[in-house]
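Accompanying notes for the structure given below.
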2 protein chains.
Amino acid sequence: MAKPPKANSPITEHLAYLLAQANREINRQLEMRLSKEGVPVEQWRILKVLSDGNGHSMGELADAVLLNHPTLTKMVDRMVSDALVYRVQDPKDRRKVLMFVSDRGKALSKRLNSLAVSQEEHIVENYGDKSTNELKRLLESLIDSSN
Amino acid sequence: MAKPPKANSPITEHLAYLLAQANREINRQLEMRLSKEGVPVEQWRILKVLSDGNGHSMGELADAVLLNHPTLTKMVDRMVSDALVYRVQDPKDRRKVLMFVSDRGKALSKRLNSLAVSQEEHIVENYGDKSTNELKRLLESLIDSSN
DNA sequence: TGGAAAATATTGAATATTCAACAATTGAAG
DNA sequence: CTTCAATTGTTGAATATTCAATATTTTCCA
């Protein structure tokens, strides 16, 4: 009854492939929307995570926004130049750096969130309410089961 | 009843984020398995698609393996060096190049497929038969609805 | 306590990807 | 037919990512 793909079955039957394909497509759509603000998807994630107002260490942030540490460091460098975020040394643990969002970053984050929400509304329109929620539920549980 | 995330809801409620996260995790697992053969995930895809024995043009192949054209060109260059695949000019349309898999490539493809299938079996064990199939179904239909 | 090991973030070199321009071929319209 | 636009694939420069090494601070434990 369980059917992982056979060795000779098409690649489109592999979960890993379907995930990559769906992610690529949805990400591209989001990227196009966010390009209105000239910002890559990763910066939306960073600003959104930081928008809880709390300081987040680089490591914590890297996990949350799905980036490797060095990649995040360099992207944050750019965002600091653009005055969207700033670094503060963590007084409790001076190895750590706490990231905060600036007012300018908050304002941009709001505009980006509108674009992201409107994308998801667009998906829900075409794909359906039920499917969307069910897919989200399954993805969450896949992620949980992978830890 | 439809609930796209609100502007202030956590990023983990966005479909785009959940897809990226799940894809990242599953892809990393697959990458680790394939590292036994010293091959990146994209080469597994290329070999698998070409393993139908037919010639595939670069454009066709790029779509199928989820790579941009220049990236594919350069990866194929490496695979040609490794004697895994080879190029043939399409006689019907001399703008095109048809890609074929070599015997060496076929042999490698078999080994890679075993690794990929075993990964998916492992997922099915933890995540369940029903969830896996349901997730695949939903991903396919999301992809369809996005064209 | 003292010193080795672990954790955290950054850096620089090596590698990979992307963007824009190009070359070659085909299709299509006058 | 002939010329102009569209398609296909590659290239080189610019950009981004990754890997390994480093610096700093903290934790552990002998």
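Letters A, B, ... are given to chains in the order of the sequence lines, protein chains preceding strands, and every chain is numbered from 1. Nothing here was measured: the structure is a model prediction, and the numbers come from that model. Note: hydrogens, waters and symmetry copies are ignored here, and every other heavy atom, side chains too, is used.
In this model, a donor atom of one side chain and an acceptor atom of the other lie less than 3.5 Å apart for B:Gln29 and B:Glu25.
Taking for each of A:Leu67 and A:Gln89 the nucleotide of DNA chain D with the nearest heavy atom, the 5'-most of the two is the partner of A:Leu67.
Using bins of under 30°, 30° to 60° and over 60° for the plane-to-plane angle, the ring pair B:His14/A:Trp44 lands in the perpendicular bin.
Taking the 5' to 3' direction, DNA chain D first and last meets chain B under 4.0 angstrom from a heavy atom at D:dT7 to D:dA13.
Sorted by first then second residue, the salt bridge (charged side-chain N to carboxylate O under 4.0 Å, His left out) pairs that include residues 109-118 of chain B, not counting sequence neighbours, are B:Glu37-B:Arg111.
The closest donor-acceptor contact from the side chain of A:Tyr127 to the backbone of B:Leu138 lies under 3.5 Å.
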(request) List the protein contact pattern of nucleotides 4-10 of chain C with one symbol per nucleotide (5' to 3'): B for base contact, S for sugar-phosphate-only contact, - for none; contact means a heavy-atom distance under 4.0 Å. (result) ---BSSB
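Distance B:Asn68 CG to C:dA21 C1': 17 Å, rounded to the nearest Å.
Taking the charged nitrogens against the carboxylate oxygens, B:Asp103 and B:Lys106 do have a contact shorter than 4.0 Å, which makes a salt bridge. Between A:Glu134 and A:Arg137, at least one side-chain N (NZ, or NE/NH1/NH2) sits under 4.0 Å from a carboxylate O, which counts as a salt bridge. The residues B:Arg28 and B:Glu31 are annotated as not salt-bridged, no charged nitrogen and carboxylate oxygen being separated by less than 4.0 angstrom. The existence of a salt bridge linking A:Glu120 and A:Arg33 is excluded, since no basic side-chain nitrogen approaches an acidic carboxylate oxygen closer than 4.0 Å.
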